[in-house]
Every structure is written in C-alpha cells, then in structure tokens.
Amino acid sequence: ILNVEQSPQSLHVQEGDSTNFTCSFPSSNFYALHWYRWETAKSPEALFVMTLNGDEKKKGRISATLNTKEGYSYLYIKGSQPEDSATYLCASSGDNYGQNFVFGPGTRLSVLP
Amino acid sequence: NAGVMQNPRHLVRRRGQEARLRCSPMKGHSHVYWYRQLPEEGLKFMVYLQKENIIDESGMPKERFSAEFPKEGPSILRIQQVVRGDSAAYFCASSPGRGLSYEQYFGPGTRLTVT
C-alpha cells in the first residue's frame with residue numbers, strides 16, 4: 001500500500017505572499033498524481049492530474065510540478081489571497097484503478113488579510 | 001451543468017438498520033468512485049464503478065457493504081446492519097473517462113451517523 005505524505009501539515013501566510021508545499025509518494029510504482037483543494041464544509045475540488053515526469057500544470061495563480069523519479073510534487077500559489085485558504089490534498093496511484101489510490105493527509109493553508 | 005449530487009446529505013441510522021447512499025454523477029460521466037472519511041482520518045478509496053460494472057472494489061469491506069451503478073439511475077452504496085464504526089462521511093466522485101488519468105469531480109458527501 002502506498003504511503004503518501006504532505007508537508008507542512010499547516011501553513012499561515014500573509015495576503016500577497018507566495019507559498020509552496022510538498023507531496024511525497026513512492027517513486028517505485030507510479031501511475032498518476034492528483035491535487036485537490038478542499039474548503040471547509042465543501043467537497044474536494046480537482047486542481048490537477050499529472051502523469052508524466054517533469055509535468056508542469058498551471059491554473060491561474062496555482063501551479064504544480066511532478067518528479068516521478070524522486071517521488072515528489074510541488075504545489076505553488078503565487079500572491080496568496082484569503083480565498084485560497086483551504087486544505088490542499090494530493091493523491092497518488094500506482095496503477096489505473098482505485099486500489100492503490102491513496103490520499104495524503106493534506107496541507108492546511110490559512111491566508112491572513 | 002449540475003455537478004455531482006449526493007443524497008441524503010445527512011443520514012441517521014440505528015445499529016442494525018440499512019443505509020442507502022445515492023450518487024448521481026455529472027452529466028456525461030459514466031465512472032464513479034466512492035470514498036470514506038472516518039472521523040479524524042483522511043479520504044480512503046472504497047470502490048470504483050463503471051455503468052453496470054464494478055471495476056475495483058478492493059477498498060470496500062467484504063461484509064455488509066455493496067455498491068452498484070445501474071444502467072439507469074444513480075450509483076448506490078449500501079451498508080447493511082450498520083454499526084457505530086460505520087459513522088463517517090461518504091463521498092462519491094465522477095469522472096469522464098476510465099481510470100486515474102482523468103480528473104474526479106466530488107459530490108458534497110453524505111454524513112452517516114449510527115446511533
């Protein structure tokens with residue numbers, strides 16, 4: 001069973017700061033990596049799906065990179081806004097089905113105005 | 001374009017009763033995943049279904065739990081003879097294609113409380 005880790009566990013930044021956090025996964029058996037944004041009392045919102053080593057994806061002020069050889073992905077937020085406050089989850093899979101689709105514990109981001 | 005819908009949003013059952021959770025995927029999506037979030041824990045995969053087929057049910061307890069996604073109608077997660085340990089939030093997600101290279105769109109979840 002995969003072990004997916006995220007760091008830091010929580011993060012407080014000031015409005016306007018840029019920030020980044022890490023998702024680590026076993027590199028020996030990789031198929032896909034997902035990032036989600038999860039606001040309190042809402043449902044997880046898909047941000048990115050990445051499958052190839054070196055993938056970089058961007059959506060507005062949020063971007064992500066993937067290194068499958070060393071087993072990590074970074075999520076970057078440029079110019080954080082209070083509405084970015086949420087828990088950011090990553091999930092990694094070693095195959096194309098669900099058995100090995102494992103979510104990390106999340107990074108809780110608070111952006112202070 | 002309606003998103004993924006789940007009902008009920010909250011469900012209270014006594015020990016020994018049955019719980020039925022429904023998930024209507026986004027229009028055009030024929031793939032559904034079910035996840036469970038136990039208190040103080042993260043999301044855990046339960047089952048992956050395509051219409052009329054169970055693709056992967058390896059994350060679902062072998063007893064009392066079953067899932068279906070009929071040709072017509074919503075996907076249903078059924079829990080028989082519920083116990084207190086089944087109290088959790090159950091989320092479904094739908095996807096436009098087969099497998100994990102596609103984004104998943106989550107519903108709002110059903111909070112099951114077993115008394």
Side-chain angles (χ1 to χ4, degrees), chain A residues 1-7 9-10 23-26 29-53 55 57-59 62 64 66 68 73 86-108, chain B residues 2-7 9-10 23-26 29 31-50 53-62 67 69 75 77 89-111:
Chain A
I1 295 179
L2 291 177
N3 190 28
V4 178
E5 299 177 350
Q6 291 187 247
S7 63
Q9 185 177 5
S10 65
C23 172
S24 302
F25 53 87
N29 188 23
F30 175 82
Y31 183 82
L33 185 103
H34 292 220
W35 279 103
Y36 294 89
R37 179 173 176 274
W38 196 354
E39 287 182 74
T40 304
K42 295 188 178 179
S43 50
E45 174 195 350
L47 289 175
F48 307 111
V49 176
M50 295 186 287
T51 57
L52 299 174
N53 184 44
D55 254 355
K57 297 224 172 168
K58 187 176 180 183
K59 188 181 285 190
I62 305 177
L66 178 67
T68 61
S73 175
T87 295
Y88 290 83
L89 292 177
C90 71
S92 176
S93 180
D95 58 39
N96 197 25
Y97 303 106
Q99 180 182 5
N100 293 315
F101 191 47
V102 177
F103 281 81
T107 292
R108 185 170 297 177
Chain B
V4 178
M5 299 176 70
Q6 288 187 250
N7 68 79
R9 295 289 302 275
H10 299 274
C23 170
S24 297
M26 284 182 74
H29 288 192
H31 299 260
V32 165
Y33 296 78
W34 283 94
Y35 298 94
R36 177 166 68 172
Q37 184 185 31
L38 292 167
E40 307 301 322
E41 293 190 17
L43 286 169
K44 297 266 192 317
F45 165 78
M46 296 183 75
V47 61
Y48 168 30
L49 308 110
Q50 192 177 358
N53 281 311
I54 296 175
I55 306 297
D56 184 345
E57 58 181 345
S58 57
M60 202 156 61
K62 296 211 178 335
F69 189 14
S75 175
L77 180 68
Y90 292 83
F91 291 89
C92 79
S94 75
S95 176
R98 184 182 178 101
L100 290 166
S101 58
Y102 291 88
E103 286 186 347
Q104 296 186 18
Y105 297 83
F106 278 75
T110 294
R111 266 92 182 151

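Bear in mind that the values here come from a model prediction, so they are computed numbers and not experimental data. The sequence lines fix the lettering, A, B, ..., with proteins before strands; numbering per chain opens at 1.
Sparse packing is recorded around CD of E57(B), with 12 or fewer heavy atoms of other residues, nucleotides or ligands lying under 6.0 Å away. Shown here is K42(A), whose NZ atom has no more than 12 heavy atoms of other residues, nucleotides or ligands within 6.0 Å. Counted within 6.0 Å of OH on Y102(B), heavy atoms from surrounding residues, nucleotides or ligands total 12 or fewer; the atom is thus considered open. In the displayed structure, R108(A) atom CZ is contacted under 6.0 Å by at most 12 heavy atoms of other residues, nucleotides or ligands.
Interface residue L89(A): only side-chain heavy atoms are found under 4.5 Å from chain B. Proximity to chain A (any heavy atom under 4.5 Å) is restricted, for F91(B), to the side chain, taken from C-beta onward. For chain A, the nearby part of Y35(B) is the side chain; its heavy atoms alone come within less than 4.5 Å. When heavy atoms are compared at a cutoff of 4.5 Å, P44(A) approaches chain B by way of both its backbone and its side chain. Only the side chain of W38(A) comes within less than 4.5 Å of a heavy atom of chain B; its backbone N, CA, C and O stay farther away. In this structure, the portions of L43(B) lying under 4.5 Å from any heavy atom of chain A include both its backbone and its side chain.
Ranked by heavy-atom pairs under 4.5 Å with chain A, the first of G109(B), G59(B), P108(B), S101(B) is S101(B). Among M46(B), E41(B), Q6(B), R98(B), the residue with the largest count of heavy-atom pairs under 4.5 Å with chain A is R98(B).
In this structure, H34(A) and F101(A) have perpendicular ring planes: the angle between them is above 60°, well past the 30° mark. F103(A) and F106(B) have perpendicular rings, their planes meeting at more than 60° on a 0 to 90° scale where under 30° would count as parallel.
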